[in-house]
K.L.:
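Okay, here's the structure, questions in a sec.
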Amino acid sequence: MRYSEMFLPTGREVPSDAEVISHQLMIRAGMIRKLTSGIYSYLPLGYRVIRKVEQIVREEMNKASAQEVFLPMVQPAELWQESGRWEYYGKELLRFQDRHERKYCLGPTHEEVITDLVRNDIKTYRQLPRNLYQIQTKFRDEVRPRFGVMRCREFGMKDAYSFDADEASAEVSYGKMFAAYNNIFRRCGLRFRPVEADSGSIGGKYSHEFMVMAESGEDAMVVCDKCSYAANLEKAETARPEQVKIAENEWLLQESVHTPEVRTIEEVCDFLQVTPRDIVKTLIFNADGKSCAILIRGDQEVNEIKVKNYLGANELELADDEMILKATGAPRGFAGAVNIKTRIFADYSVMNMVNFVTGANKENYHLKNVNIGRDFTVEAFADLRVVEKNDKCPRCGGDIHFVRGIEVGHVFKLGTKYSKSLQASYLDKDGQEKLMIMGCYGIGIGRTVAACIEQNNDANGIVWPMPLAPYHVIITPVNVNEGNVFQAAEKIYSELLAAGIEVVFDDRDERAGVKFKDADLIGIPLRVIIGQKNLVSGNVELKIRKSGETKIYPLQKIVSAIQISITEGLELEAAAPSSG
Ligand code: ATP
Ligand code: MG
């Protein structure tokens with residue numbers, strides 16, 4: 001492509017809402033433009049990169065025997081009512097009506113549509129397993145769209161859905177997608193790692209997020225320094241401590257203390273001259289309309305997702321004042337486990353505590369020297385808290401550390417959640433009707449591009465890894481009006497085109513500085529610089545964007561040198577170790 005003919009509006013201006021570098025660079029490099037909040041147009045350069053990601057995704061999905069379909073974006077309310085999500089999905093689901101006042105939504109995801117398709121056409125075990133995928137636009141009315149195409153409202157996603165006859169086969173399908181995702185992100189040239197993620201009621205092994213390592217990432221994860229354990233912060237487990245045998249003679253006499261206007265942990269510590277580690281916090285939750293108390297040591301945080309999963313609740317929130325009053329007999333701020341009128345569960349952090357402080361279930365009172373076993377009993381101890389720095393790896397006991405990342409993909413075992421509500425069944429070998437076991441697998445295409453830029457940029461702009469580069473080479477004649485420079489550039493351009501190489505020819509009559517700046521900004525991996533001085537001795541210069549390294553080549557060798565560099569670049573990225 002000739003630069004002079006391209007729609008490539010580069011610039012120095014960055015909109016004030018562009019907080020992260022990828023968003024800034026995508027605007028400055030003329031890849032995207034905002035139409036309205038969370039809704040972007042891809043310009044030619046940006047769209048080429050999108051197509052590169054899609055191509056890699058397609059190849060790997062096809063290799064894993066998934067088949068491509070294309071499902072509608074506009075979906076009827078009836079299907080969502082059948083699955084129960086019309087009510088549940090919340091405000092991210094954009095609902096609207098047609099001229100006949102029939103209700104619809106814009107697909108934020110496609111479980112309903114795909115399950116409907118499959119239930120009508122798959123009847124027996126002989127037609128299973130199947131895996132269907134699409135690359136399509138999703139709409140989610142995100143509360144706070146931000147970071148450009150990283151968290152927007154209209155975005156391209158690859159979503160795949162697997163249907164299996166039994167658990168064993170569903171595990172194989174999951175494993176194939178897990179492997180395909182590793183291939184995809186490795187081939188994109190990204191530093192990433194799969195981490196365990198929350199899988200609701202399904203259980204541990206069946207949800208992984210693929211995280212691109214980036215400081216600017218919205219997600220926190222926990223990584224073990226010793227073994228391969230890595231988990232999303234929401235999901236990261238804490239190990240069950242050894243139970244310490246407590247002698248009853250250690251128990252001190254329980255005391256009720258008048259603590260006027262003392263509610264928070266800090267206030268209790270100040271007032272009673274104790275540390276947060278001496279306090280048991282009692283949180284009252286509303287789980288599907290019923291109250292329950294969760295106990296946790298004063299210096300720890302409850303992880304609501306763990307609580308929700310542990311209780312098997314559909315909905316979990318902190319109880320309102322009315323529910324607190326009913327359960328504790330006191331206003332908010334004085335809850336404690338002694339004589340409480342609700343079920344009690346405790347985090348492991350409470351298991352070995354003795355003579356601790358809690359609320360007294362009485363306004364302006366706390367209890368000192370409370371002990372489990374004597375003063376109250378706990379229904380169960382469980383892992384209900386957020387992991388912290390000092391925790392050890394739940395698998396090997398090694399040290400852990402926190403890192404940040406961008407979730408670019410998610411593989412998830414759905415089980416029979418949708419096949420049950422939407423009645424997707426098949427007849428097994430014995431003619432018995434059974435529910436299909438499903439999995440779903442998403443990749444954010446635009447988010448992957450943005451994540452790639454987060455990892456690959458410098459002060460001058462984007463530094464594309466070869467596999468996602470919109471073009472592999474840019475030809476930059478230093479001065480198009482000097483000597484044979486322009487003719488030589490034309491010749492190399494046509495040779496590269498003939499060799500099937502993706503090349504931009506910067507044929508603009510601009511100062512060299514302007515052209516170099518643009519080439520750096522848009523991040524093309526290889527640059528052929530054609531200047532009169534080298535040309536008189538039959539040479540041109542090849543500059544590598546990433547390393548800044550330059551090398552002189554005779555004219556007749558430049559095309560093959562470029563070919564070698566491109567092949568190397570593609571192979572290197574594909575072979576590079578993934579995590580880091
Ligand atoms: P997040 O927690 O970031 O909102 P999610 O869990 O809602 O993501 P999924 O429903 O698993 O995401 O969607 C699959 C993939 O789609 C994600 O891994 C991500 O790459 C992409 N994605 C999700 N929401 C957005 C968005 N608002 N903008 C761009 N890409 C998105
Ligand atoms: Mg989301």
Side-chain angles (χ1 to χ4, degrees), residues 20 22-23 26 31-32 34-40 42 46 49-50 53-54 56-57 61 73 85 88-94 106-114 133-161 174 177-178 180-182 184-185 188 190 192-200 202 206-214 216-221 231-235 305 404-414 417-418 438-454:
V20 293
S22 58
H23 186 189
M26 286 179 90
M31 292 177 67
I32 55 166
K34 178 155 110 180
L35 179 63
T36 182
S37 169
I39 301 184
Y40 287 84
Y42 281 96
V49 184
I50 291 287
V53 175
E54 291 180 351
I56 292 172
V57 168
M61 293 305 290
M73 187 192 183
R85 284 209 287 188
Y88 265 110
Y89 206 95
K91 289 189 176 163
E92 277 187 27
L93 186 67
L94 184 64
L106 287 184
T109 174
H110 279 71
E111 282 83 4
E112 279 78 1
V113 174
I114 197 90
Y133 78 97
Q134 63 170 343
I135 298 178
Q136 219 247 22
T137 303
K138 300 281 185 263
F139 192 93
R140 294 183 182 178
D141 202 355
E142 297 273 355
V143 219
R144 204 158 72 84
R146 56 190 179 280
F147 310 144
V149 296
M150 195 111 83
R151 180 168 300 284
C152 49
R153 298 198 296 165
E154 183 178 314
F155 58 96
M157 194 203 286
K158 185 287 298 174
D159 47 327
Y161 305 88
Y174 187 89
M177 284 298 104
F178 187 86
Y181 274 42
N182 274 304
I184 289 167
F185 297 120
C188 286
L190 295 165
F192 70 98
R193 67 187 300 165
V195 305
E196 291 180 16
D198 174 50
S199 54
I202 301 281
Y206 291 113
S207 174
H208 287 89
E209 287 167 352
F210 282 76
M211 296 286 193
V212 166
M213 320 312 283
S216 58
E218 285 185 284
D219 293 283
M221 58 197 131
N232 180 315
L233 186 58
E234 287 174 355
K235 154 85 187 178
I305 291 172
R404 297 198 73 80
I406 300 163
E407 177 202 322
V408 287
H410 194 178
V411 292
F412 196 96
K413 185 175 167 197
L414 291 165
K417 185 169 178 205
Y418 295 95
M438 292 173 58
C440 68
Y441 316 93
I443 291 181
I445 304 292
R447 192 184 281 185
T448 301
V449 172
C452 178
I453 297 175
E454 287 293 323

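Residue numbers count from 1 along this sequence. No hydrogens, no waters, no symmetry mates; every other heavy atom, side chains included, goes into these values. When a ligand or atom number is given, it counts from 1 through the structure's own listing order.
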K.L.:
Which protein heavy atom lies closest to atom 11 (O) of ligand 1, and at what distance to 0.1 Å?
P.N.:
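Nearest neighbour among protein heavy atoms for atom 11 (O) of ligand 1, to 0.1 Å: His410 ND1, 3.1 Å.
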
K.L.:
Please list, in number order, the atoms of ligand 1 under 4.0 Å from a heavy atom of Glu142.
P.N.:
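Result: 24 (N), 26 (C), 27 (N).
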
K.L.:
Ligand 1 and Ile443, any nitrogen or oxygen pair closer than 3.5 angstrom?
P.N.:
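No - when backbone and side-chain N and O of Ile443 are compared with those of ligand 1, no distance drops under 3.5 Å.
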
K.L.:
Is it true that Lys417 and Glu111 make a salt bridge, defined as a side-chain N closer than 4.0 Å to a carboxylate O?
P.N.:
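Glu111 and Lys417: not salt-bridged.
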
K.L.:
Only heavy atoms of Arg140, strictly under 4.0 Å: list the atoms of ligand 1 that pass.
P.N.:
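Answer for ligand 1: 5 (P), 7 (O), 9 (P), 10 (O), 12 (O), 13 (O), 23 (C), 24 (N).
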
K.L.:
Quick test of your reading of the model: are Arg146 and Glu218 salt-bridged, counting only N-O distances below 4.0 Å?
P.N.:
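Judged by the 4.0 Å cut-off on N to carboxylate O distance, Arg146 and Glu218 do form a salt bridge.
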
K.L.:
Distance from Gln136 atom CD to Thr109 atom OG1, nearest 0.5 Å?
P.N.:
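Gln136 CD to Thr109 OG1: 11.0 Å, rounded to 0.5 Å.
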
K.L.:
Say whether Cys152 and ligand 1 are in contact under the criterion: heavy-atom distance to a ligand atom below 4.0 Å.
P.N.:
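Flag set, Cys152 near ligand 1.
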
K.L.:
Do Arg193 and Phe185 have side-chain heavy atoms sitting under 4.5 Å apart?
P.N.:
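A side-chain contact under 4.5 Å is absent here.
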
K.L.:
Starting from atom 17 (C) of ligand 1, locate the nearest protein heavy atom and write down its residue, its atom name and how far away it is, to 0.1 Å.
P.N.:
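Answer, as residue, atom name and distance: Glu407 OE2, 3.3 Å.
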
K.L.:
Of all the non-hydrogen atoms in the protein, which one sits nearest to atom 29 (C) of ligand 1, and at what distance?
P.N.:
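Answer for atom 29 (C) of ligand 1: Met150 O, 3.2 Å.
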
K.L.:
Mind checking whether Val149 contacts ligand 1 via backbone (N, CA, C, O), side chain (CB onward), both or neither, at a 4.0 Å heavy-atom cut-off?
P.N.:
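Contact part for Val149 vs ligand 1: backbone (N, CA, C, O).
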
K.L.:
For atom 22 (N) of ligand 1, what's the nearest protein heavy atom and its distance?
P.N.:
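The answer is Phe155 CE1, 3.6 Å.
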
K.L.:
Please list the nearest protein heavy atom to atom 14 (C) of ligand 1 with its residue and the distance rounded to 0.1 Å.
P.N.:
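Protein heavy atom with the smallest distance to atom 14 (C) of ligand 1: Met157 CE, 3.7 Å.
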
K.L.:
If you have a sec, work out which protein heavy atom is nearest atom 20 (O) of ligand 1 and how many Å separate them, to one decimal?
P.N.:
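Protein heavy atom with the smallest distance to atom 20 (O) of ligand 1: Val408 O, 2.9 Å.
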
K.L.:
For ligand 1, which atoms have a heavy atom of Gly409 less than 4.0 angstrom away?
P.N.:
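The list of qualifying atoms is 18 (O).
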
K.L.:
Charged N to carboxylate O below 4.0 Å: is that the case for Lys235 and Asp198?
P.N.:
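Here Lys235 does not pair with Asp198 in a salt bridge, since their nearest N and O are not under 4.0 Å apart.
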
K.L.:
Can you report which non-hydrogen protein atom sits closest to atom 19 (C) of ligand 1, along with the distance?
P.N.:
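Atom 19 (C) of ligand 1 sits closest to the protein heavy atom Arg447 NH1, 3.5 Å.
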
K.L.:
Tell me the nearest of Gly38, Gly446, Gly444 to atom 21 (C) of ligand 1, using heavy-atom distances.
P.N.:
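Selected option, by shortest heavy-atom distance: Gly444.
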
K.L.:
Of all the non-hydrogen atoms in the protein, which one sits nearest to atom 4 (O) of ligand 1, and at what distance?
P.N.:
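For atom 4 (O) of ligand 1, the nearest protein heavy atom is Arg151 NH1, 2.9 Å.
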
